[in-house]
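Everything on this sheet refers to the single structure shown next.
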Amino acid sequence: MTTAMTTLSNDPMTASDRCDRCGAQAYVRVVLSAGGELLFCAHHGREHRQALRASGADIHDESQKLAATSPTAAPDER
């Protein structure tokens, strides 16, 4: 019998990472205590945060990126 090992990513999330609930861009990565990971948009990450923490999941939240201003933004957009 062989056991498959899964390496969970700690890399920053990119635009290609999508929410497992709605398909929007993911900003929250949840590593489950039983193994595996889930990706959520900021909305669904907030919605499920309490239950996930109660289950012992490790939550990596990058939703602060939503408030960041691009360094190339025009002065009137900053």
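Note that the structure is a prediction, hence the values are computed from the model and not measured.
Grouping the Ile, Leu, Val, Met, Phe, Trp and Tyr side chains by contacts below 4.5 angstrom, directly or via other members, places Leu32 apart from Leu39.
Residues that satisfy the side-chain contact (heavy atoms from CB on, under 4.5 Å) test with Arg18, not counting sequence neighbours, are Gln25.
Using modelled atom types, one side-chain atom of Ser33 and one backbone atom of Ser55 make a donor-acceptor pair closer than 3.5 Å.
Of all heavy-atom pairs spanning Gly45 and Val28, the tightest one is CA-CG2, 4.2 Å. Between Pro12 and Lys65, the shortest heavy-atom distance links the atoms CB-NZ, 4.3 Å.
For residues 11-44, the set of pairs meeting the ring-ring contact (aromatic ring centres under 6.0 Å, His included) definition, not counting sequence neighbours, comprises Phe40-His48. Among pairs with a residue in residues 45-55, those fulfilling salt bridge (charged side-chain N to carboxylate O under 4.0 Å, His left out) read Arg49-Asp61, at least two apart in sequence or across chains.
To the nearest 0.5 Å, the span separating CG on Asp20 from SG on Cys41 amounts to 10.0 Å.
Sparse packing is recorded around CD of Gln50, with 12 or fewer heavy atoms of other residues, nucleotides or ligands lying under 6.0 Å away.
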